[in-house]
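A note on names: the letters A, B, ... follow the listed sequences, proteins ahead of strands, and every chain is numbered from 1.
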2 protein chains.
Amino acid sequence: MPPHKLTRESVVSAAVDLADREGIAALTMRRLARHVGVEAMSLYHHLPNKEALLDAMVDRVYAAIELPTPDGDWRSGLRTRSESVRAVLLQHPWALPLMESRQAPGPANLAHHEATIACLRAAGFGPAQVAHAYAVIDAFVYGFVLQETSLPFDSGEEAATMVTDGPFGELLATYPNMTWFTTNVILAPGYSFEREFRPGLELVLDGIAERRADGIPGGAARPPAGAATTDT
Amino acid sequence: MPPHKLTRESVVSAAVDLADREGIAALTMRRLARHVGVEAMSLYHHLPNKEALLDAMVDRVYAAIELPTPDGDWRSGLRTRSESVRAVLLQHPWALPLMESRQAPGPANLAHHEATIACLRAAGFGPAQVAHAYAVIDAFVYGFVLQETSLPFDSGEEAATMVTDGPFGELLATYPNMTWFTTNVILAPGYSFEREFRPGLELVLDGIAERRADGIPGGAARPPAGAATTDT
DNA sequence: ACCTGAACACCGTTCAAGT
DNA sequence: ACCTGAACACCGTTCAAGT
């Protein structure tokens, strides 16, 4: 277990492993040190403090995300990137809350944003269109993964035992609409929350494409004339 | 400061106040106790442990969200609810990560889901359509707020000082597309990230409405025939 | 019933000291 | 240069004891 060379990179790798296997709550400087075969204080020779460790872990995660190629096909570029974001964040469920709370973006984070903006620019998006598209896509992807990583069940089978066993089932029965939803969706054969990802992503990509077709090039993106809006 | 009656409710209220004012990291059992004029161990007479306190705080937040009325107008129902979710989560920036990590839903949480499903059912959504609409809407709303609560700047002015002052500006200048984006969007007069919320929400509502018009009633929601899909 | 003080097993981090 | 041990100021929580 104790590698002869302890480096910043090997400490970060060990931290990612530990967080993946035992959760972010188990990632303490003392436990991490034991895990790499060293005393707790030795870690501070490679990293100034725990915040810096978390920053480095987050940038490792960004580095694993597939970048869109700036070849002009913004739809497939954004789709590939978004699916890769989701896949990577599911592999490291501790990462999303951390990514959003970091203030010092690392090199992989910056490269990721650079490539995504480049992909949209290459397809002719103006500044306001890039801002709109990026905001909506990231909201959807991050929000979806946030729900996915925190659902108490992955499949219909796990949900079934949760609903039938225990006191939760009795409580649920007092809510008619939740009961209807549980029976007809969650307990229906083949249910999984994840199957909503692709249709949802296409919905968002369709909406971006439509607004782009209507909009003034480079101008502010806005809903089409038919949409009900209540702007003040 | 020390109220004569210490109750579970007053403890939870004080905890929400403390988290609002000083952040969730400052919410320790010892500090909370001092804040309500009592010793730390007294809190355990009203709540079994800190997890239960966090559960109760999250349900307080759910209780503050405006419920959609089941009057058949699903669009305005979802819009009202979604804007209320955002407003409440911005008032309590600590709440979103906590909401998604709780496993024991409180009464306000259940009432919230019950009313939202009821709103969609009343408008004639089938089970799969409810599942699709709810997943996409929540992904967008939670994801948007997640970004909003963690942005290092709220307005263009704050962003400007961040970009011009300090070492971050020099680093940024080495990324041409991020520089372009910063100059033309973030530093443009009147910029704020929040203005993307309403258009994004309408994009999602439009997409839900379109797929509903095409779909088999009660069947699985899917992208329209024209959309590029890569289903396996 | 409600509150307390001492204690236990943890944290991140500083600092002086070892090799 | 790299690692260590003791120590400090914290955590959440148990437990026996006070009123």
Separation of A:L6 atom CG from D:dC2 atom C1', in whole Å?
9 Å
So does B:L172 get a backbone contact from the side chain of B:T179, meaning a donor-acceptor N/O pair under 3.5 Å?
yes
Carboxylate-amine/guanidinium proximity below 4.0 Å for A:R86 and A:E194:
yes
Picking from C:dG12, D:dG12, D:dC3, which would you name as closest to the side chain of A:V38?
D:dC3
Base-pair map of DNA chain D as dot-bracket, where | denotes pairing with a different strand and pairs are Watson-Crick or G-U under 3.5 Å:
||.|||||...|||||.||
Give the rounded distance in Å between these two atoms: CZ of B:R34 and C1' of C:dC3.
18 Å
Look at the rings of A:H112 and A:Y62 and say which category their plane angle falls in: under 30° parallel, 30 to 60° tilted, over 60° perpendicular.
tilted
Kindly say whether the aromatic ring centers of A:F197 and A:F140 come within a distance under 6.0 Å.
yes
Pair B:Y175 and A:H113, ring centroids less than 6.0 Å apart:
no
Options D:dG12, C:dC11, C:dC3, nucleotide nearest the side-chain atoms of B:R30
D:dG12
So if I take residues 44-61 of chain B and measure heavy-atom distances to DNA chain C, which residues fall below 4.0 Å?
B:H45, B:H46
Distance check needed: D:dC11 C1' versus B:L43 CG, whole Å only.
14 Å
Does a side-chain N-to-carboxylate-O contact under 4.0 Å join B:R60 and B:E9?
yes
Provide a list of protein-nucleic acid N or O atom pairs under 3.5 angstrom, restricted to nucleotides 15-19 of chain D.
none

Is it true that A:H35 and A:R21 share a donor-acceptor pair across their side chains at a distance under 3.5 Å?
yes
Expressed as a whole number of angstroms, how long is the span from A:M29:CE to C:dT14:P?
10 Å
Just the rounded figure in Å: distance from P of C:dC3 to CD of B:E39.
12 Å
Whole angstroms only, please: what is the NZ-C1' distance between A:K5 and D:dA1?
10 Å
Please answer whether the main-chain N or O of B:T80 pairs with a side-chain N or O of B:S84 as donor and acceptor at a distance below 3.5 Å.
no
Under a 4.0 Å N-O cut-off, is there an ion pair linking B:E22 with B:R31?
yes
Using atom types as modelled and distance alone, determine if a side-chain donor or acceptor of A:S42 lies under 3.5 Å from a backbone N or O of A:V38.
no
Give a yes/no answer on whether the side chain of A:S42 brings an N or O atom under 4.0 Å of OP1 or OP2 in D:dC2.
no
Using a strict cut-off of less than 4.0 Å between a Lys/Arg side-chain nitrogen and an Asp/Glu carboxylate oxygen, indicate whether B:R34 and B:E39 qualify as a salt bridge.
no
